[in-house]
Amino acid sequence: MITATESKLPRINMALPGPKAKEVIEYDKKFISPSLFREYPLVAHRGYGAIIEDPDGNTFLDFAAGIAVCSTGHCHPHVVQAIQKQAAELIHIAGTDFYHRHMPQLAERLVATMPKSHHYKVFFGNSGTEAVEGAIKLARYATRRDKLIAFYGCFHGRTLGSLSLTASKSTQRKYFGTLLGGVEHIPFPYAYRCALGHTKETCGGEIIELLEEQILKRLFAPEEVAAIIVEPIQGEGGFIPAPAFFLQELQRICNKHGIMLILDEVQSGVGRTGKMWAYDHAGITPDMVLTAKGLGSGMPISAFIAKESVMQWKPGSHGSTYGGNPVCIASAMATLDLIEGGLMANAQKMGEYIFRKINDWPSRFKIVGDVRGKGLMIGVEIVRDQRTKEKAPDLRNNVIVGAFHRGLLTLESGENSIRISPPLIIDEEQADCAIGIMEESIREAEKSL
Ligand SMILES: Cc1ncc(COP(=O)(O)O)c(C=O)c1O
């Protein structure tokens with residue numbers, strides 16, 4: 001709830017970063033690993049609703065949501081209360097060794113979101129990459145096969161197993177040596193750059209053909225392939241949705257060969273696209289679904305949800321000290337109350353509202369090549385020339401940094417796209433404000449053409 005002294009809209013009082021923010025940045029430089037990539041100098045001091053306040057009293061409208069994590073906004077009272085109550089009762093016990101009611105309670109709620117044709121079971125971890133690691137292990141265990149197929153542009157995490165799947169930016173892999181063997185990447189349907197001129201609904205048929213006629217005939221025998229792992233909307237790769245038919249075709253191929261179909265919904269899940277899972281838009285029945293980010297409203301929690309027939313491993317095969325932490329689960333339960341109690345519907349409504357207002361950006365701005373996405377997972381691709389579609393990461397960065405200085409937080413995505421992923425609580429006034437700031441920033445960036 002926003003109090004009288006708090007605002008719903010941004011207010012920048014000085015040149016950024018202000019003096020107190022600068023102090024934190026210098027402090028950080030002294031002690032924190034330089035591998036972290038900060039796009040602009042935001043220093044967060046507190047958060048409420050869709051607003052972040054910095055230590056100098058500037059307020060920002062947060063359309064990044066901590067990389068799509070703060071699904072219910074910052075410090076939602078229902079979430080805060082649930083965390084506080086649980087923290088006073090039981091903080092940790094290690095679900096890997098002992099029982100507590102919280103794990104099956106959240107698992108039951110997650111299973112209730114899955115297709116009714118199968119029973120599913122859940123394993124809890126702490127981060128997206130852990131969910132991916134666990135899914136790789138379970139797919140190998142369940143199938144006794146080791147080959148994995150992923151997509152160019154995908155991001156599945158930075159630990160060595162998930163990094164073997166990740167094929168987003170070479171910096172993320174450079175100098176980290178030999179990764180998992182038996183991983184093959186194939187193209188992801190990218191309608192805006194489709195060489196065959198297909199649409200957002202039809203792009204990808206040739207990739208399915210490549211998979212069936214080349215990869216599964218010339219490279220991997222299908223009976224050696226454990227899993228195909230796919231983001232229904234590539235997040236880090238540019239907010240690129242896979243067409244429904246494409247996911248349905250992957251399901252058909254997986255069913256045919258006993259390959260696990262793993263949907264990485266770490267970024268796209270928990271109501272962000274207007275449905276609980278982005279794969280719901282395609283009406284498929286995955287073998288495993290991976291979730292993290294938006295599930296905990298900022299508390300570190302992840303899960304992989306697998307068909308019971310798949311999750312048949314023996315005690316000791318997999319575990320986690322912190323996975324299923326009661327406080328994180330309390331946060332996730334409160335998050336699901338809010339998501340199912342209206343925020344998922346708001347994501348759909350506000351997504352449609354924003355799309356109506358920005359769909360015509362490519363005709364209004366020379367540097368906007370494409371606007372795409374679903375619900376509140378919206379990508380804007382920035383190009384130097386609409387005709388050649390030359391990627392313009394520099395202009396994209398100018399737009400993002402320009403928006404920051406005007407009080408709007410967004411993030412980069414892919415080589416030259418902007419990701420718009422606000423908390424699911426936003427209203428029309430906040431959407432209009434963000435659109436206004438984006439338009440000003442795009443106009444400003446265009447001047448450097
Ligand atoms: C689709 C997807 N999978 C996995 C991950 C890894 O999550 P984490 O950073 O929590 O390890 C991310 C993170 O951005 C992601 O977007």
Side-chain angles (χ1 to χ4, degrees), residues 33 35-39 64-71 123-139 148 150-169 171-173 176 179-180 183 185 188 227-242 247 261-273 276-279 286 288-305 320 322-325 328 331-332 335 373-379 410-414 417-421:
S33 159
S35 61
L36 305 182
F37 175 76
R38 275 73 175 257
E39 291 182 34
I67 329 185
V69 166
C70 301
S71 48
F123 183 96
F124 289 113
N126 308 282
S127 62
T129 197
E130 268 185 72
V132 174
E133 297 289 340
I136 294 173
K137 286 176 69 181
L138 180 58
L148 299 161
F151 293 84
Y152 289 118
C154 72
F155 186 89
H156 296 293
R158 295 173 180 274
T159 49
L160 290 173
S162 67
L163 186 61
S164 314
L165 301 173
T166 291
S168 181
K169 297 186 181 92
T171 358
Q172 292 159 350
R173 298 167 68 112
F176 297 124
L179 301 175
L180 278 187
V183 177
H185 289 89
F188 188 81
I228 297 178
I229 179 162
V230 63
E231 293 164 89
I233 302 180
Q234 278 196 342
E236 193 73 18
F239 271 27
I240 308 169
L247 296 176
L261 179 60
I262 303 176
L263 268 291
D264 183 342
E265 294 261 9
V266 164
Q267 190 151 175
S268 54
V270 196
R272 174 158 294 282
T273 66
M276 181 54 74
W277 309 111
Y279 78 76
M288 277 188 239
V289 172
L290 319 183
T291 176
K293 293 189 186 284
L295 178 62
S297 284
M299 294 297 281
I301 183 165
S302 69
F304 57 96
I305 309 163
S320 161
Y322 296 108
N325 171 277
C328 297
S331 183
T335 299
K374 275 201 173 76
L376 289 176
M377 193 166 180
I378 302 171
T410 58
L411 286 171
E412 65 160 42
S413 179
S417 295
I418 300 167
R419 69 180 108 182
I420 299 177
S421 57

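Values below: every heavy atom of this structure, side chains too, minus hydrogens, waters and symmetry copies. Whatever order the structure lists them in is the order used to number ligands and atoms, beginning at 1.
- Side-chain atoms of Thr159 and Thr129 include a donor-acceptor pair closer than 3.5 Å.
- Contacts of ligand 1 (protein heavy-atom distance under 4.0 Å) are Ser127, Gly128, Thr129, Phe155, His156, Gly157, Glu231, Asp264, Val266, Gln267, Lys293.
- Between Phe304 and Phe123, the ring-plane angle classifies as parallel under the 30° and 60° cut-offs.
- Looking at Ser35 and Ser33, their side chains do bring a donor and an acceptor atom within 3.5 Å of each other.
- No salt bridge links Arg158 with Glu236; every basic N to acidic carboxylate O contact stays at or beyond 4.0 Å.
- With no hydrogens or angles considered, no side-chain donor-acceptor pair links Ser297 and Ser331 at under 3.5 Å.
- Considering only residues two or more places apart in sequence or on other chains, Glu231 meets the side chain to side chain donor-acceptor pair (under 3.5 Å) condition with none of them.
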